[in-house]
Every structure is written in structure tokens, then in C-alpha cells.
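Contents: one structure, followed by commentary.
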Amino acid sequence: MKRTAVSTWWQGVSALAFSVWASGIASAADVSLNGVADEDLRAALRGGSLLVDQTLLEENPPTSAEILAAAQADYRRLLAVLYDNGYFSGAVTIRVDGREAASIPPVQPPGTISSVEITVDAGPKFKFGRARIAPVAEGTELPEEFATGRTAKLSILKRTAESGVEGWREQGHAKAALSGQEITANHPERQINADLTLAPGPRLRFGPLTVQGESDVRTQRIIDIAGLPTGQVFSPDEIRLATARLRRTGAFSAVALSEGDVVGPDGTLPITATVTDAPKRRLGFGAEISTLEGLTVSAFWLHRNLLGGAERLRFDAEVSGIGGGTGGTDYTFGVRFERPATFNEDTDFYTLARIQQLDEEFFFSRQLDLEAGITRYASEERTYTLGLGLRRAETRDAFGENNYTLLTLPLSAEFDYRDNELNARDGFYIKASATPFLALSGSDNGLRSYVDARAYRTFGSERPVTFALRGQFGSVVGPDLSEAPPDYLFYSGGGGTVRGQEYQSLGVPVGADTVGGRSFVGLSAELRVGVTDAISLVGFADTGYVGEEEFYDGSGEWHSGAGIGLRYDTAIGPVRLDIAVPVSGPETDENFQVYIGIGQAF
């Protein structure tokens with residue numbers, strides 16, 4: 001008897017070991033979904049199924065234990081998909097090699113699984129019968145789908161409750177919440193009756209802002225930068241804005257503002273800011289190459305918290321035209337200091353110094369710029385700048401050599417409504433600048449203006465097609481062409497204006513030479529077609545105009561170029577390869593230009 005017991009025990013251990021070993025064998029099961037004719041619902045069910053995800057893993061096929069676990073989890077997941085599409089009387093059956101998945105013990109999975117059959121009986125679609133939520137704050141926008149006769153979906157109920165709560169929070173009721181819900185199904189009428197009850201709570205005011213976390217930025221500066229309006233009526237928008245202001249400094253790698261759980265006796269709500277410092281110093285490099293313009297290399301060094309108040313100090317250096325055929329080598333060296341929240345939480349102070357040499361084919365300029373000013377953030381999308389600058393330059397062009405000194409008042413407005421700054425698919429972007437200048441010597445008084453406008457629209461999601469348009473407009477008013485600062489004038493041609501045309505090849509003829517124009521128009525269009533998730537093909541056409549006149553009147557010259565390109569998306573933006581040829585212009589030839597860089601052309 002004793003030997004028999006030992007033998008039985010050993011057989012049990014062996015069977016258990018074999019079962020565990022067998023459950024670890026990777027298997028590729030066939031999964032079928034039956035009983036659903038509606039293609040949209042079928043797609044939603046497949047998207048919500050873990051079984052579909054598991055069996056699509058070709059490189060690492062799931063084990064039988066993993067397939068069984070996914071099958072048993074799919075009951076709840078597929079029912080949730082049905083509920084979210086208005087089907088509240090559906091039934092889900094999942095059979096693993098003919099056995100109901102729910103009846104198979106998870107600790108004893110089959111050795112192998114060859115097929116899984118999912119059968120869904122969706123039943124009738126339900127609609128809202130009674131759809132009520134109260135009390136609702138004035139001005140609250142509830143989902144239109146939450147109404148009698150519309151398809152009943154759990155997601156709509158959730159969105160409705162969230163909208164109701166947010167409506168009260170926007171009125172200062174920070175602790176508003178969903179206090180009750182009565183949801184019943186009327187199967188004979190195929191209706192869902194929903195009654196949601198909100199509890200607004202008291203209207204609160206902002207209490208003091210406290211700071212948590214180890215930070216080298218002074219606490220008072222963090223409070224000043226956040227700009228939370230202590231004592232004023234609570235607003236979730238102010239919480240969002242304060243968070244954005246702190247992140248905008250670049251001094252923090254993480255920022256979170258949280259509301260206190262306990263309301264103060266005077267109706268105030270304390271707010272806590274939790275911050276984590278970003279690395280204080282950063283070094284970066286960049287490069288871009290063109291077959292004609294040559295190689296451009298750049299580098300910068302950045303300090304994010306120079307004086308303990310989130311001040312930024314940045315040194316930039318760029319050398320371009322290396323090995324190019326567009327004149328000599330250009331260089332720029334600059335330093336810029338920025339102090340956030342200087343005059344108020346949305347106004348920064350900046351000062352800069354820059355030395356630049358432009359050794360172009362048609363002119364030479366060496367200049368020093370000194371400037372100080374303010375940057376005003378009117379919103380997350382709108383930014384304005386106002387500065388006061390001094391420019392000293394030595395120039396040489398077709399009109400001879402000149403030294404000039406200008407007192408400048410640079411102004412700009414930027415409107416950025418793009419969905420993605422590095423790779424926009426929808427939205428628009430406009431930047432307009434105007435620089436009045438007072439000539440202290442060597443020129444006349446005048447105004448240089450420039451507008452860059454871009455628009456984007458994408459169609460489709462599987463293989464998206466993006467239309468991108470760009471318009472550039474420039475003007476120099478005041479001095480005659482012979483007396484205008486050469487580096488303020490406009491040229492066309494090259495990667496930033498007309499691809500396919502030689503860099504700055506279009507200007508205003510002056511005898512056998514060329515100078516820049518006082519008016520400029522540039523138009524570009526791109527068609528970007530997604531081939532895979534990371535690769536896109538691009539077709540583009542550019543055209544440019546330069547005239548001697550202050551404003552466009554058609555008396556100048558046009559030229560154009562067109563080509564194709566390839567984009568490969570990366571975490572730092574798309575890698576760009578463009579090949580372009582000239583199409584029209586005063587000196588069109590058969591040469592093509594190649595442009596390689598990071599980021600879209602515009």
C-alpha cells in the first residue's frame with residue numbers, strides 16, 4: 001500500500017509538471033467572430049477583444065494559458081463594447097476547442113488550443129427613453145446624444161456626468177460631483193431611462209499655493225510664475241494656465257497642481273504645486289545639407305535656472321554654406337537671456353546680443369544686434385513681442401560699400417493653432433513681424449514687415465492625406481533700393497522659399513549684378529500621403545516673386561520649382577528628403593536640388 005501511494009503521488013507530480021510544461025508551449029489559435037452582421041459593431045468588438053490582440057502576436061505567439069486568460073477576460077470586455085454601442089440585452093459565448101471558456105479552470109489550461117469561436121448575439125439596440133441630469137449650471141454644454149430617442153451608450157452617460165460636473169466647476173464649485181444615478185432598462189420598449197443627480201457644493205475661492213518637491217527654483221518665484229489668483233473665485237482654467245506657465249519655463253521636468261481635499265473655513269481651497277527640476281544644463285547639435293547650399297551645422301548650450309528664478313541663458317552658434325555654391329561661409333553667434341514672469345505671470349523679459357556674417361552671392365553683411373524687450377503670452381496659442389534694438393552693420397552689394405546704424409523697434413505676433421508643431425496635420429499658423437527702424441547713419445528711416453501664414457488639413461486615418469499650404473509676404477517701406485539695408489531686402493530660391501531654384505537666385509537686376517527686392521511673395525503647396533505609420537510620400541510645388549517696389553504690383557519677376565519628397569517620422573520630428581527641379585523663371589535649367597533635414601519644410 002505504501003509503494004502504491006508513492007507511485008500515485010509521483011504520477012500526480014508528473015502529470016502536473018507535464019501540464020505546466022505544456023501550457024508554456026506557444027500556440028497560434030484561430031479566432032473567429034460570429035453572429036454580428038453590422039460592420040461597425042464587428043470592428044468595435046474586434047478592437048475590444050484581447051483574444052484578437054493575443055493571436056495577432058506573430059513574433060511571440062501566446063501560450064495556451066495566455067489564450068485561455070484572454071478568453072475569460074473577453075466576456076466582460078465584449079459586453080462593455082455592446083453596452084457602449086447601445087446593445088443592453090446581448091449575450092456572449094466563447095468556446096475554446098468546443099468548450100465554454102468560462103468552464104475551464106485557469107490552473108488547468110489545455111495543453112494546446114487550436115481554435116477559439118466567439119459568438120455574439122447583440123440583441124436589439126436600445127435608445128434613451130428618459131434622459132435627465134440636474135441640477136445643471138447655466139451655460140453647461142451637455143452632449144447632444146444624451147436625449148430621448150438617441151442611441152443609449154455608456155460613454156454618453158459618462159460624458160454627460162463629466163460635463164455636468166465640469167459646468168459647476170467652471171462656476172467656482174470646485175467640489176461638484178455626481179451624487180446619484182438611476183439607470184434602468186425597459187426591455188419591452190428597448191429603452192434606457194437615465195436620471196443623473198449632481199451635487200454642486202459651495203462656491204469656493206482660491207486659497208494659498210504651496211509648493212512641494214525638491215527644487216532649486218526659489219519657492220516665491222514658483223508662486224509668481226504660476227500666477228494663481230489667490231482670493232478669486234475658483235476656476236479650472238486658472239489651474240490649467242498656472243500649470244502651463246510653470247512648464248513653459250523649461251525649468252521643470254514635471255509639474256502637477258492638485259486641489260486640497262479639505263475646504264478652508266473661509267470658503268477657500270488650498271492648491272499644491274508639485275514640481276521636479278529638469279537638468280539645469282543642456283547641450284544640443286543640429287545639421288542640414290543641401291546639394292547647392294552646402295552643409296549647415298549648429299549647436300547650443302542652455303542653462304535653465306541661472307539665478308534661481310527659472311531664468312534661461314542660451315548660447316547659439318551656427319555655420320552655414322560649408323562647401324556650398326552660394327557665396328562664402330555664413331556664421332551666427334548669439335546669446336539670449338530670458339526671465340519669466342517679470343512684469344506679470346504672462347509677460348517675460350528678454351535681452352540678446354548677436355553677431356552675424358552673411359557672405360552671400362549678391363551681398364556681404366557683417367552686423368551686430370543688441371536688443372531687449374518683452375514677450376507677452378496672451379494664450380497658449382497667441383504670443384506677442386515688443387523690443388528695442390540697436391543694429392550696427394557693414395555691407396557690400398551692387399551699390400557699393402556702406403556702414404549703417406539703426407535704432408529698431410521689433411514687433412511680432414504669433415498665432416499657432418497647429419495640432420503638432422513638428423509635424424502639423426490640421427490647423428493653421430501665422431507669424432507677422434514689423435520692424436520700424438530709425439536710421440542714425442548710413443540709411444533712411446523705414447519699416448520692414450514680413451508675414452508667414454500656413455494652413456493644414458488632413459483627410460482619412462488609415463492612409464491619411466494632408467494638404468499643406470504656405471504664403472509668405474514681405475515689404476520694405478521708406479528708403480530707396482540703393483539705400484535700404486541689404487540684409488533687410490528679400491531674395492527667393494532655396495529650401496525656405498522655392499525648392500529647385502538656386503539659393504537666393506531671384507532678386508532685382510542692377511546692371512550685371514543682382515540685389516534684393518523691397519517686395520516679396522512666396523507660395524508653397526504640399527500633398528503628404530501616408531504609406532505606412534512612419535513613412536509618407538510628398539509632392540510639392542513652390543513659387544516666388546521679388547520686386548523693386550515697396551508693395552507687390554506685378555512688375556518684378558516670378559520663378560517656381562516642384563518635386564517629390566520622402567518623410568520618415570521619428571520622436572524628434574520627421575526626417576525629410578526632398579528632390580526638386582526648377583519649373584519656370586528667368587534662368588531655368590535642368591539641374592535638380594536635394595534637401596535633407598529634420599522637420600517638415602513648413
Side-chain angles (χ1 to χ4, degrees), residues 330 332 334 350-375 384-414 430-453 471-493 496-497 504 506-511 513-522 544-557:
D330 303 335
T332 303
Y350 74 88
T351 184
L352 63 85
R354 180 172 56 240
I355 298 174
Q356 186 175 39
Q357 175 178 295
L358 301 175
D359 189 359
E360 307 295 348
E361 185 174 359
F362 301 121
F363 75 93
F364 175 89
S365 175
R366 183 180 292 122
Q367 59 214 35
L368 168 66
D369 286 297
L370 302 175
E371 186 178 314
I374 59 173
T375 301
Y384 305 96
T385 63
L386 168 64
L388 179 64
L390 180 69
R391 167 172 286 198
R392 174 66 180 171
E394 301 175 358
T395 66
R396 182 176 65 251
D397 61 6
F399 296 110
E401 297 183 0
N402 187 27
N403 296 333
Y404 68 83
T405 303
L406 303 178
L407 185 64
T408 63
L409 187 70
L411 310 165
S412 71
E414 184 175 18
I430 300 174
K431 184 170 184 178
S433 63
T435 305
F437 54 89
L438 176 65
L440 302 181
S441 66
S443 182
D444 283 341
N445 303 333
L447 169 68
R448 186 186 195 271
S449 57
Y450 174 74
V451 177
D452 183 359
Q472 303 177 75
F473 310 92
S475 173
V476 175
V477 177
D480 293 335
L481 190 65
S482 61
E483 296 181 347
D487 46 312
Y488 272 16
L489 299 176
F490 298 96
Y491 294 85
S492 182
T497 52
Q504 293 192 351
L506 184 63
V508 175
V510 177
D513 294 319
T514 301
V515 298
R518 292 191 296 171
S519 60
F520 166 68
V521 176
Y545 168 91
V546 175
E548 182 178 353
E549 70 281 5
E550 294 179 339
F551 298 100
Y552 171 79
D553 65 4
S555 62
E557 292 281 356

Ring pair (Phe, Tyr, Trp, His ring centres under 6.0 Å) assessment of Tyr491 paired with Phe520:
CA-CA 8 Å; Tyr491 294 85; Phe520 166 68; over 10 Å; no
Would you mind reporting whether Val515 and Leu481 have side-chain heavy atoms less than 4.5 Å apart?
yes
Atom CG in Asn403, atom CZ in Arg366: separation rounded to 0.5 Å?
11.0 Å
Checking Glu483 against Tyr404: is there a side-chain donor and acceptor pair closer than 3.5 Å?
no
Can you confirm whether Phe363 sits close enough to Leu489 that some side-chain heavy atom of one is under 4.5 Å from a side-chain heavy atom of the other?
no
Salt-bridge test for Arg448 and Asp487: reply yes if a basic N is under 4.0 Å from a carboxylate O, no otherwise.
no
Looking only at heavy atoms, which two atoms of Asp397 and Pro486 are closest? And how far apart?
OD2-CG, 3.5 Å
Euclidean distance, Ile374 CD1 relative to Leu388 CG, rounded to 0.5 Å:
11.5 Å
Looking at every heavy atom in both Gly496 and Gln472, which two are closest together, and how far apart are they?
O-NE2, 3.2 Å
Find the distance between OG1 (Thr351) and CD (Glu371) and round it off to the nearest 0.5 Å.
8.5 Å
Under a 4.5 Å cut-off applied to non-hydrogen side-chain atoms, are Val477 and Phe551 in contact?
yes
Just by distance, with hydrogens left out, do Arg392 and Thr405 show a side-chain donor and acceptor under 3.5 Å apart?
yes
Walk me through whether Arg354 and Leu368 qualify under side-chain contact (heavy atoms from CB on, under 4.5 Å).
CA-CA 6 Å; Arg354 180 172 56 240; Leu368 168 66; over 6 Å; no
Within the 4.5 Å heavy-atom criterion, are Ser492 and Gln504 side-chain neighbours or not?
no
Does any donor atom in the side chain of Thr385 or Ser412 lie under 3.5 Å from an acceptor atom in the other side chain?
yes
Looking at Ala432 and Val451, what are the two nearest heavy atoms and their distance?
CB-CG2, 4.0 Å
For Ser482 and Asp480, does a side-chain donor sit closer than 3.5 Å to a side-chain acceptor?
no
For residues Glu401 and Thr395, determine if any side-chain heavy atom of one lies less than 4.5 Å from a side-chain heavy atom of the other.
no
Between Glu550 and Ser519, a side-chain donor and acceptor under 3.5 Å
no
Is the backbone N or O of Ile355 less than 3.5 Å from a side-chain atom of Asp369, with the two atoms forming a donor-acceptor pair by type?
no
Could you check Gln367 against Arg391 for side-chain contact (heavy atoms from CB on, under 4.5 Å), going step by step and ending with a plain yes or no?
CA-CA 7 Å; Gln367 59 214 35; Arg391 167 172 286 198; 3.5 Å; yes
If I compare all heavy atoms of Pro410 with all of Thr435, which pair ends up nearest, and what's the gap?
CA-OG1, 4.0 Å
Taking all heavy atoms of Val476 and all of Tyr488, pick out the closest pair and write down the distance.
CG2-O, 3.4 Å
Heavy-atom count check: over 12 atoms from other residues, nucleotides or ligands less than 6.0 Å from Leu390 CG?
yes
side-chain contact (heavy atoms from CB on, under 4.5 Å) between Leu386 and Leu409, intermediate numbers included:
CA-CA 7 Å; Leu386 168 64; Leu409 187 70; 4.0 Å; yes
So, Ser443 side chain and Ala439 main chain: donor-acceptor pair closer than 3.5 Å or not?
no
Start with the C-alpha distance between Lys431 and Asp452, add both sets of side-chain angles, then the distance that settles salt bridge (Lys or Arg N to Asp or Glu O under 4.0 Å), and finish with yes or no.
CA-CA 5 Å; Lys431 184 170 184 178; Asp452 183 359; over 6 Å; no
Is the closest side-chain heavy-atom distance between Thr375 and Tyr350 below 4.5 Å?
yes
Side-chain H-bond candidate by donor/acceptor type, Thr332 with Gln356, under 3.5 Å:
yes
Do Asp330 side-chain atoms and Asp359 backbone N/O form a donor-acceptor pair below 3.5 Å?
yes
Does any non-hydrogen side-chain atom of Phe490 lie less than 4.5 Å from one of Tyr450?
yes
All heavy atoms of Ala353 vs all of Leu370, minimum pair found to be CB-CD2, 3.7 Å
Is there a side chain to side chain donor-acceptor pair (under 3.5 Å) between Ser365 and Gln357? Walk through the geometry before answering.
CA-CA 6 Å; Ser365 175; Gln357 175 178 295; over 6 Å; no
